[in-house]
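Have a look at the structure below, then the notes.
The figures here come from the full heavy-atom set of this structure, side chains too, leaving out hydrogens, waters and symmetry mates.
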Amino acid sequence: MLRPLLLAMALAAPAAAQPAQPWAAVPGPSAGPARSVGGAALGCLAGAAQLPPEGPGWQAVRLSRNRHWAHPDTVRWVQGFAARARAAGLPDILVGDMSQPRGGPMPYGHASHQTGLDVDIWLDATPGRGPLSRAQREDWPVASLVLPDQSGLDPARFTPAHERLIRLAAEAPGVDRVLVNHGIKRGLCARHPGAPWLRKLRPWRGHDSHMHVRLPCPAGSPDCLPAPPIPAGDGCDGSLDWWLTKEARRPAARPPGPPPRLPAACASLLRQP
């Protein structure tokens, strides 16, 4: 089993070494069939689809970033999840960053989100929140749901609707894992000991006002690298305590040696018109 520090390095470190600006500058996707290449923090995306800015049950935020591209399977998943959230009586989900038009490293904000299989969903469950204008969505505030020391949920802000939204994602078909702040995970473990859906809810730093949904490698993507397997059990054990240590609060350093390189297929994908 990977220790939390080693897992953090495995998932987050590679992107720091990659030139991101060329990927951010590409305005649209490549031609051809959809294909995820490499891993979430060291990869790219061919044949991406774009999530519409709004639709039944969802509203995309920060459209100016041009980060609502993904593998078509991911776009379909978001649309299906929005429908399930609406059926559960929740307001429109607010969809944050997915991927750039051809995936790849981003100049700021994320180490992962490179292969079109990641999507941020903001933890805004405000009752009665109606449609927001696209201008409003550029800077819509969402409060942290954890205590200042991140030891648990903030009872003044975390509501049953937030829990319903998170659980809905963790139980949704086709989800590999859902990353949330370790304080959210800790609080839900205390409320629902032994619940099977907690296994897919993975603790992470940040992620206190949004959840990060990751899908598995899709069919037709032989060069896609899956994330490390989720350990057995619900994750509500002593490993959660590590996230409150000084070691956990320091950003993971890149391992010594030459920086990792993007898969060779990504270079030609970036050069395509």
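Using a 4.5 Å heavy-atom threshold, the side chains of Asp120 and Met211 count as separate. You'll find the side chain of Pro105 reaches within 4.5 Å of the side chain of Leu262, heavy atoms only. By the 4.5 Å heavy-atom criterion applied to side chains, Leu94 and His210 are not counted as neighbours. Put simply, the side chain of Asp176 does not reach to within 4.5 Å of the side chain of Val213, judged on heavy atoms. With contacts defined as side-chain heavy-atom distances shorter than 4.5 Å, the pair Pro52/Trp58 qualifies. A 4.5 Å side-chain heavy-atom check between Arg65 and Asp97 finds at least one atom pair inside the cut-off. The shortest side-chain heavy-atom distance between Met98 and Val78 falls under the 4.5 Å cut-off. Side-chain contact between Gln79 and Leu51 is present, with heavy atoms from C-beta onward closer than 4.5 Å.
Few gaps surround CZ on Arg102; more than 12 heavy atoms of other groups in view lie less than 6.0 Å from it. Within 6.0 Å of CG on Asp139 lie no more than 12 heavy atoms contributed by other residues, nucleotides or ligands.
Residues Pro218 and Asp73 approach most closely at CB-OD2, 3.5 Å, considering heavy atoms. Of all heavy-atom pairs between Leu240 and His182, the closest is CD2-O, 4.3 Å. The two residues Ala34 and Pro72 have their closest heavy-atom pair at CB-CD, 3.3 Å. Looking at every heavy atom in both residues, Ser151 comes nearest to Leu147 through OG-CD1, 3.7 Å. Here the shortest heavy-atom pairing between Leu198 and Cys189 reads CD1-CA, 4.0 Å. Nearest heavy atom pair, residue Pro56 against residue Ala82, reads O-CB, 3.8 Å.
Annotation: cation-pi geometry not satisfied between Arg191 and Phe158 (NZ/CZ under 6.0 angstrom from ring centroid, within 45° of ring axis).
For the atom pair Lys185 NZ and Leu179 CG, the distance stands at 11.0 Å (nearest 0.5 Å). In this structure, CG in Leu165 is found 14.0 Å from CH2 in Trp122, a value given to the nearest 0.5 Å. Between atom CD1 of residue Ile93 and atom CD of residue Gln59 there is a gap of 10.0 Å, rounded to the nearest 0.5 Å. Note that CG of Leu153 and CG of Asp208 are 11.0 Å apart. Values are rounded to the nearest 0.5 Å. How far CG of Leu45 is from CG of Leu117: 7.5 Å, rounded to the nearest 0.5 Å. In this structure, CD in Glu54 is found 10.0 Å from OG in Ser133, a value given to the nearest 0.5 Å.
No continuous path of ILVMFWY side-chain contacts below 4.5 Å connects Met106 to Val119, so the two sit in separate hydrophobic clusters. The hydrophobic clustering, which links ILVMFWY residues whose side-chain heavy atoms are closer than 4.5 Å, places Trp197 and Trp77 together. Val75 and Val37 are not part of a single hydrophobic cluster, where members link through side-chain heavy atoms under 4.5 Å apart. Connection of Leu215 to Leu42 is not established within any shared hydrophobic cluster, with ILVMFWY side chains joined at heavy-atom distances below 4.5 Å, either directly or through further cluster members. Hydrophobic clustering, with ILVMFWY side chains joined whenever heavy atoms are under 4.5 angstrom apart, groups Leu168 together with Ile184.
Counted by atom type alone, Gln100 and His113 present zero donor-acceptor pairs between their side chains at under 3.5 Å. At a cut-off of 3.5 Å, with distance as the only test, no side-chain donor of Ser99 or Gln114 sits close to an acceptor on the other residue. Counted by atom type alone, Thr74 and His71 present zero donor-acceptor pairs between their side chains at under 3.5 Å. There is a side-chain donor-acceptor pair under 3.5 Å between Gln150 and Asn181.
Under the 3.5 Å distance criterion, the side-chain polar atoms of Arg137 are matched with a main-chain donor or acceptor of Pro53. Of the possible polar contacts, one joining the Lys200 side chain to the Val175 backbone as a donor-acceptor pair under 3.5 Å is found. For the pair His162 (side chain) and Pro160 (backbone), a donor-acceptor distance under 3.5 Å is absent. Remark: the backbone N or O of Arg199 is paired with a side-chain donor or acceptor of Arg202 at under 3.5 angstrom. Between the side chain of Thr245 and the backbone N or O of Ala248, at least one donor-acceptor pair lies under 3.5 Å. Put simply, the side chain of Ser30 gets close to the backbone of Gly47: a donor and an acceptor are under 3.5 Å apart. A donor-acceptor contact shorter than 3.5 Å is absent between the side chain of Gln272 and the backbone of Leu269. For Thr159 (side chain) and Ala161 (main-chain N/O), a donor-acceptor pair under 3.5 Å exists by modelled atom type. With hydrogens and angles ignored, the 3.5 Å screen pairs a side-chain donor or acceptor of Ser36 with a backbone N or O of Thr115. Looking only at distances, no side-chain donor or acceptor of Arg62 sits under 3.5 Å from a matching main-chain atom of Gly96.
For residues 25-101, the pairs satisfying disulfide bond (SG atoms under 2.5 Å apart) are Cys44-Cys266, with sequence neighbours left out.
At a threshold of 4.0 Å, the pair Asp92-Arg129 does not count as salt-bridged, since none of the basic side-chain nitrogens sits closer than that to a carboxylate oxygen. Remark: Asp118 engages Arg214 in a salt bridge, criterion side-chain N to carboxylate O under 4.0 Å. Look at Glu171 and Arg167 and you find a salt bridge, because one of the NZ, NE, NH1 or NH2 atoms lies within 4.0 Å of a carboxylate O, short of that distance.
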Should Leu201 and Leu188 be marked as a side chain to side chain contact (heavy atoms under 4.5 Å, CB included) after you check the CA-CA gap, both sets of side-chain angles, and the distance that decides it? CA-CA 9 Å; Leu201 206 63; Leu188 292 175; 3.6 Å; yes

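Using cut-offs of 30° and 60° on the angle between ring planes, the pair Trp243 and Trp204 is tilted.
Every side chain to side chain contact (heavy atoms under 4.5 Å, CB included) that Asn66 has, sequence neighbours left out, goes to Gln50, Trp69, Pro101. The salt bridge (Lys or Arg N to Asp or Glu O under 4.0 Å) test applied to Arg164 returns no partner, not counting sequence neighbours.
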